[in-house]
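Every chain is numbered from 1, with letters handed out A, B, ... down the list of sequences.
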There are 2 protein chains.
Amino acid sequence: MDSRRDYGQFCGLAAGLNIVGERWTFLILRELLFAPMRFNGLLENLPGIGPNLLAARLRMLTEHKVIEQLAVPGDSRGRQYKLSEVGEQLRTPVLGLAKWGLQFLTEADSKKVVRDEWGFLAIQSMIIEEHIPADVSEVYEFRVGDHCFTIEVDHATVEFRSGSAPLPDLTISCDAYTFISIGAGMLTPFDAIVTGDVKVDGDPEVIHRCTRMLGLAG
Amino acid sequence: MDSRRDYGQFCGLAAGLNIVGERWTFLILRELLFAPMRFNGLLENLPGIGPNLLAARLRMLTEHKVIEQLAVPGDSRGRQYKLSEVGEQLRTPVLGLAKWGLQFLTEADSKKVVRDEWGFLAIQSMIIEEHIPADVSEVYEFRVGDHCFTIEVDHATVEFRSGSAPLPDLTISCDAYTFISIGAGMLTPFDAIVTGDVKVDGDPEVIHRCTRMLGLAG
DNA sequence: CCGGATCCGTAACGATACTG
DNA sequence: CAGTATCGTTACGGATCCGG
């Protein structure tokens, strides 16, 4: 730890930021929230970072056991990076920051890069704890662009997965841009359905529980 | 927004970090979580930042309406900075980061700077939502160093205040270093009480509810 | 091709001095 | 008190190169 860049404070926030507070680090962690990823995958998904800086960040995160290296099955030279248990604990605060930041997006940001995973990130971040359906157990499938994601609700607890669900109670299809725009308040769910940008398939009761959970219904 | 430093991604997390992701910004927000503060106050409490950088950060935060300027009553040239409604929304994610970072503190960090407010920050961050006492309404007073802080629990909701409470149901006294050490797992509450570093005064039932809320009891 | 390391120009940071 | 100005140092961003 370089003493010039260490905040030098006996405080949890400062100690945490000494590790994950540098430029790009939160975005690296965001990528790993969905699945393990290899070096060049991260490099592609984070345009502008440069290989030297990515290597430095991954080294820092590995040293502090926030991430771990994995072998890639079927590729002996390949390495994957995945969140450790400690890194996984950052999911909630990172989702909180992601939700907070949504309100700063405007039409002017439309030309920026988008990825399907970030659309699902927005969906995850919008979940209101108190509005998670209780007393039911059901599965929502989100088709964001050409990627599939699954949310499982089971008696007031919720779990996320990458990939499709066998028998979803609800299927919502849209592209990442559309869903992030909804989260940013640039587009209402009603308009998005009318224009066909969002397609919803499921029982009205289920739809209501899901949209309420995401803060999109009265 | 400088295009070199803008992440250029249509993503809530990236948009948020464009504003609060730079060095020192989260620590400035941390200071303002407790009370409005003036320029030189922030300068003192954030050793190492330098007035030019602090001014730049405050300008960025003000431009995006995360903080606001206030006049200081009785001092016409004085200015105070306080969190706006948007800035206040960062409380939960910041507390989440603060809690996460506690686990990285070690004995080696003992020589670092500490402030009483950071002790209370640790206390706030340790609160477990699901363990907030339901069906009771009571007040805990924390005397951290020579500062007083109050936590009001009222039927599964919780509120923080700087300052003393009129008739607390529970009073806990310690210095900031001790409480942060407990949060970091460097010290058990039992040991701290035995050595006299922590003094607790209140009904055993109340003590149990409070320590359970803070994740310090079985 | 994957996983980096090296090098270099530019932008940001850190410390001090100075001003309304 | 609340900043601005200046300047040396560090980090970042982009390109290229290298070993397996």
Legend entry - side-chain contact (heavy atoms from CB on, under 4.5 Å), paired with A:Ile180, selected from A:Leu121, A:Val114, A:Ile123: A:Val114
Establish, with yes or no, whether the OP1 or OP2 oxygen of [N] is under 4.0 angstrom from a side-chain nitrogen or oxygen of [X].
{"X": "A:Asn40", "N": "C:dC2", "result": "yes"}
{"X": "A:Arg23", "N": "C:dA12", "result": "no"}
{"X": "B:Arg59", "N": "D:dG3", "result": "no"}
{"X": "B:Arg79", "N": "D:dG3", "result": "yes"}
{"X": "B:Trp24", "N": "C:dA12", "result": "no"}

Is it true that the side chains of [X] and [Y] contain a donor and an acceptor less than 3.5 Å apart?
{"X": "A:Arg115", "Y": "B:Gln9", "value": "no"}
{"X": "B:Thr62", "Y": "B:Glu68", "value": "no"}
{"X": "B:Thr150", "Y": "B:Tyr140", "value": "no"}

Legend entry - Side chain of A:Leu53 - closest among D:dG3, D:dG13, C:dG4: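 Looking only at side-chain atoms, A:Leu53 lies closest to D:dG13.
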Inset, instruction - Consider the side chain of B:Arg5, meaning its heavy atoms from C-beta on, and name the nucleotide among C:dG14, C:dA12, C:dG4 that approaches it most closely. - result: C:dA12
Which part of the nucleic acid does [X] contact within heavy-atom distance under 4.0 Å: base, sugar-phosphate only, or nothing?
{"X": "A:Gly48", "result": "sugar-phosphate"}
{"X": "B:Arg77", "result": "sugar-phosphate"}
{"X": "A:Gly78", "result": "sugar-phosphate"}

Legend entry - A:Glu44 vs B:Pro47, nearer the 5' end of DNA chain C by closest nucleotide: A:Glu44
